[in-house]
Structures are given as structure tokens and as C-alpha cells.
Amino acid sequence: MGFDKIGPLSFSKAFHGAHIGVKGISANSDGSYAYYTLEGIEAVNLVEVILPATKIDEPLERAITGLVMAIVDEFGWCIDEDHGLDT
């Protein structure tokens, strides 16, 4: 996807003049970032997309959406539909 590696599991790329960060968050052995299934505990690896502090215009929003969908397609992951806001 053309990102520059800036650290372990951390990447950055300029989109429409703004830098977007992507950080991988691995599941660990104590069950953090995991969920229960009928077969047992399943690990979940997360990807955090770090957005710029500036105003996000329509071209930048489309670029971010394309990035997220490329990640979803590449790894077969799903998007948290409530954006983590539903408690």
C-alpha cells in the first residue's frame, strides 16, 4: 500500500497533503483483544488508523475509506460498525 515504516507495526503515508498513520496491535497470550467462540478463545489483531488533526475534506475522506477497505480486503477483517462508541 506504499506506507513508510516508522517503527514496529507502525506505518505512515501522505494522502492529499495529510499524513495518515497505521498501527498494528497484536493480540497477546493473556487473552487481551480476544473473544469467546464455541471452539474457545479467538485472538483478534487490531489495526488503528491514526487520522490527521486537520479538517478532513472529501478527497481525504475517500482516500481514508479506500485505505480501510484495502486493509479489510487484504486480511479478511471486519469493521467495528459502531466505531467503538456503543457501550
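Just the heavy atoms: all of them, side chains too, but no hydrogens, waters or symmetry mates, feed the values below.
Summarising the geometry, atom OG belonging to Ser10 is positioned 9.0 Å from atom CD belonging to Glu48; distances are rounded to the nearest 0.5 Å. To the nearest 0.5 Å, atoms CD1 (Ile56) and CZ (Arg62) are separated by 13.5 Å. Thr54 OG1 to His19 NE2: the interatomic distance, rounded to the nearest 0.5 Å, is 10.5 Å. One finds the NE2 atom of His16 at 9.0 Å from the CD1 atom of Ile64 (value rounded to the nearest 0.5 Å).
Ile6 and Ile20 end up in different hydrophobic clusters when Ile, Leu, Val, Met, Phe, Trp and Tyr side chains are linked at under 4.5 Å. Following chains of ILVMFWY side-chain contacts shorter than 4.5 Å, one cannot reach Ile71 starting from Leu9, and the two form parts of different hydrophobic clusters. Side-chain heavy atoms closer than 4.5 Å link hydrophobic residues (I, L, V, M, F, W, Y) into clusters, and following such links, even through other members, never connects Ile50 to Val68.
Of all heavy-atom pairs spanning Gly2 and Lys13, the tightest one is O-CD, 3.7 Å.
Counting heavy atoms from C-beta outward, Phe15 and Leu60 have side chains that approach closer than 4.5 Å.
Within the 3.5 Å criterion, the main-chain N or O of Glu61 finds a donor-acceptor partner in the side chain of Thr65.
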